[in-house]
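Because the structure is a prediction, the values reported are computed rather than measured. Residue indices begin at 1 and follow the sequence shown.
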Amino acid sequence: VGTINATKAWLANKRYSDMSTIELRKESDFTVLYDYLKDNDRFMLDYGAFLRNKKEFSKSIEILERGHVISNNPYFPLLLADVNADVGNWNSAELYYKKAFMMLPNRLTPLYQLGIFYFETKQYEKFIVLADFIMNFHPKVHSEHTDKMKKDISDLLDILYECQPI
């Protein structure tokens, strides 16, 4: 009964917050429910994302790693990659982006995020190799979103070649 009530409370808070343009929840909204929902991967992902947005990076990593242990949800390594990149843990970020792609080998998003990461961290040689792979990648589901990701990577390649002829 406690877990059911905790889930209802979390989902109600999440819906209310999702409707707002600002985060209305407080960390205490999560900590009071944690003991009941620590085995709920959606709760753990939401809690980890909340902590990242509040710039509580070490807590975010801790919660996301715990969630990743209980779930094969590919959004855990994607978010772990982003948080690790936020704090300058480049090796961990790169490994998590690659892990997310291995979990979703037909999806472009993990590769796209890894490409952006390489570009932003000035790892241009890795970016160029990955950009070529992305431009020739055939996702399982074609969409405007995949077209936009490919265009973004192409635009970054253009910027790179304009600034640093290779």
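Ring geometry for Tyr97 versus Phe117: interplanar angle of 30 to 60°, hence tilted. Note: Phe30 and Phe43 have tilted aromatic rings, judged against thresholds of 30 and 60 degrees for the angle between ring planes.
Two residues are said to be in side-chain contact when any heavy atoms from C-beta on lie closer than 4.5 Å; Asp46 and Arg25 meet this criterion. Side-chain contact between Leu64 and Met44 is absent, with no heavy atoms from C-beta onward closer than 4.5 Å. Side-chain contact check for Ser154 versus Met135: some heavy-atom pair is nearer than 4.5 Å. No side-chain heavy atom of Thr121 sits under 4.5 Å from any side-chain heavy atom of Phe127. Looking at Ile128 and Tyr161, their side chains come closer than 4.5 Å, going by heavy atoms from C-beta outward. Between Tyr96 and Leu78, the closest side-chain pair of non-hydrogen atoms is not below 4.5 Å. Contact annotation: the side chain of Asn84 never approaches that of Leu95 to less than 4.5 Å [non-hydrogen atoms, C-beta and beyond]. Considering only heavy atoms from C-beta on, Asp41 stays 4.5 Å or farther from His68 through its side chain.
In this model, no donor atom of one side chain and acceptor atom of the other lie less than 3.5 Å apart for Arg42 and Tyr75. With 3.5 Å as the limit, one finds a donor-acceptor pair spanning the side chains of Glu94 and Tyr118. Of the N and O atoms on the side chains of Tyr112 and Asp152, at least one donor lies less than 3.5 Å from an acceptor on the other residue.
The line from CD1 of Ile63 to CZ of Arg52 is 16.0 Å long, rounded to the nearest 0.5 Å. Here the straight-line distance linking atom CG of Asn40 with atom OG of Ser71 works out to 9.5 Å at 0.5 Å rounding. The distance from the CZ atom of Phe57 to the CG atom of Asn89 is 11.0 Å, given to the nearest 0.5 Å. Between Lys151 atom NZ and Leu156 atom CG the span is 10.0 Å, to the nearest 0.5 Å. How far CH2 of Trp90 is from CD of Glu120: 10.5 Å, rounded to the nearest 0.5 Å.
Taking both residues in full, the closest heavy atoms of Ala85 and Ala93 are given as N-CB, 3.7 Å, listed atom of the first, atom of the second, then distance. Contact record, Gly48 with Leu79: C-CD2, 4.3 Å, taken as the closest heavy-atom pair. Of all the heavy atoms in Ile61 and Leu80, the pair that sits closest is O-CD2, 3.9 Å. Here the closest non-hydrogen pair linking Thr146 and Leu108 is O-CD2, 3.8 Å. The heavy-atom pair separating Pro74 from Ala100 by the smallest distance is O-CB, 4.1 Å.
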_Residues Arg66, Tyr34; criterion side chain to side chain donor-acceptor pair (under 3.5 Å); working and verdict_ = CA-CA 12 Å; Arg66 285 183 192 166; Tyr34 180 80; 2.7 Å; yes
_Lys59/Glu27 under side-chain contact (heavy atoms from CB on, under 4.5 Å): CA gap, chis, key distance, verdict_ = CA-CA 11 Å; Lys59 284 184 187 178; Glu27 187 171 358; 3.3 Å; yes
*Can you check side-chain contact (heavy atoms from CB on, under 4.5 Å) on Ile153 and Met149, steps first, answer last?*
CA-CA 6 Å; Ile153 294 297; Met149 287 188 281; 5.7 Å; no
*Can Asp147 and His142 be said to form a side chain to side chain donor-acceptor pair (under 3.5 Å), step by step?*
CA-CA 8 Å; Asp147 289 343; His142 181 85; 3.2 Å; yes
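In the hydrophobic cluster analysis, where Ile, Leu, Val, Met, Phe, Trp and Tyr join through side-chain heavy atoms closer than 4.5 angstrom, Phe133 is grouped apart from Met103. Taking hydrophobic clusters as Ile, Leu, Val, Met, Phe, Trp and Tyr residues chained together by side-chain heavy-atom distances below 4.5 Å, Leu111 shares a cluster with Leu160. The hydrophobic cluster containing Ile134 does not contain Leu104, counting ILVMFWY residues as joined when their side-chain heavy atoms lie under 4.5 angstrom apart, directly or transitively. One hydrophobic cluster, built from ILVMFWY side chains closer than 4.5 Å, cannot hold both Val129 and Leu114; they sit in different ones.
A donor-acceptor pair is defined here as one N or O able to donate and one able to accept, closer than 3.5 Å; such a pair exists between the side chain of Lys150 and the backbone of Phe137.
For CG of Asn106, the number of neighbouring non-hydrogen atoms (other residues, nucleotides, ligands) closer than 6.0 Å is greater than 12.
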